[in-house]
Amino acid sequence: MSCGRPPDPSQEISLADFDTRTDEIASQLCAAAEHVGFFAIVDHGIAPADDNDKKGRQQVYHRAGAHADWGFLTLLFEKEGQSGLEICPGREVVTEHALGDHSWSKVHFVPGGIVCNIGDLLMSWSDDRFKSTFHRVKAPCGDPGDNYGERFSIAFFNQPCKDALIQGPLKKYPLVTGEEFNARAMSKHFAALQAKLRAPEADEGAAVVAGEGAGSSIAVPAQVPAAA
Ligand SMILES: O=C(O)CCC(=O)C(=O)O
Ligand SMILES: [Fe+2]
């Protein structure tokens, strides 16, 4: 996944005065994203308190709906005391994961630790050997240990260069360029988001959400397996 000019590891982008140097900092972020990957600072506002839907079922709101990131690897930096991240282990394939058993495990803060989420790209590039991490950020709803305060996180999304050639050793999926992979992922998630917006009351179990950056869309295969 060579990106031409390597990033300068000594360069730091200070966000401290983002309010006053917005354009300058935005262009620095843009340049860094082109050479290193995409990252986001997420401020998860608190979703409405728990209540019941029209059928009387208790609603559980999420600061970020359940999804898998579509890049190679996501590095997530959290702050102590700002819990909420959960993962759903046991994923078999992108399409079937979590459609049945919704058992979510809390990801506990580890001082100095970086949460590494496998994305759909690594999953397909490894011929599904490494499963992308299905995750969500839960809003408080009265469960023990719920965080009712802020949650800030920094997510670094490692995505392929346009000219990267992507195919696993077993050739389970057709060869694609990074550009094709990114374009497909974006249109897949955009289409799924539109579908979700058209059916807002869909049960999350039936319409599993996916997407980069607190996204919400239906989980579909990152790539169609190659014909046998
Ligand atoms: O803020 C978090 O902990 C997770 C955010 C996330 O999953 C994402 O931005 O893709
Ligand atoms: Fe994510």
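Order of appearance sets the numbers: ligands from 1, and atoms from 1 within every ligand. Start at 1 with the first residue, then count along the sequence.
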Next on the checklist: Check for me, please, whether Leu170 and Leu122 land in the same ILVMFWY cluster - side-chain distances under 4.5 Å, paths through other members count.
Outcome noted: no

Checklist entry - Among the heavy atoms of Arg151, does any lie under 4.0 Å from an atom of ligand 1? => result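 Arg151: in contact with ligand 1 (<4.0 Å).
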
Under 4.0 Å, heavy atoms only, figure out whether ligand 1 is touched by the backbone of [X], its side chain, both or neither.
| X | value |
| --- | --- |
| Leu76 | side chain |
| Ala64 | neither |
| Val115 | neither |

Checklist entry - Does the pair Thr74 and Asn158 meet the rule for a side chain to side chain contact (heavy atoms under 4.5 Å, CB included), with working shown? => result CA-CA 6 Å; Thr74 302; Asn158 187 217; over 6 Å; no

Atoms of ligand 1, numbered as shown, that sit under 4.0 Å from any heavy atom of [X]:
| X | answer |
| --- | --- |
| His67 | 6 (C), 7 (O), 8 (C), 10 (O) |
| Phe157 | 8 (C), 9 (O), 10 (O) |
| His135 | 7 (O) |
| Asp69 | 10 (O) |

Checklist entry - For the side chain of Glu179 and the backbone of Asp163, is there at least one donor-acceptor N/O pair under 3.5 Å apart? => result no

Item to check | Glu78 side-chain N/O to Phe109 backbone N/O, donor-acceptor pair under 3.5 Å | outcome: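 Answer holds: no.
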
Next on the checklist: Quick check on side-chain contact (heavy atoms from CB on, under 4.5 Å): which of Ile154, Leu85, Asp69 does Leu76 satisfy it with?
Outcome noted: Leu85

Item to check | Full working for salt bridge (Lys or Arg N to Asp or Glu O under 4.0 Å) between Arg184 and Asp120 | outcome: CA-CA 12 Å; Arg184 279 182 206 174; Asp120 289 340; over 6 Å; no

Checklist entry - Rounded to 10 degrees, what angle sits at the Fe ion (ligand 2) between His135 NE2 and Asp69 OD1? => result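 The NE2/OD1 angle about the Fe ion (ligand 2) sits at 100°.
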
Next on the checklist: Below 30° counts as parallel, above 60° as perpendicular, anything between as tilted: where do the rings of Trp70 and Phe181 land?
Outcome noted: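 Taking Phe181 first and then Trp70, their aromatic rings sit tilted (interplane angle of 30° to 60°).
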
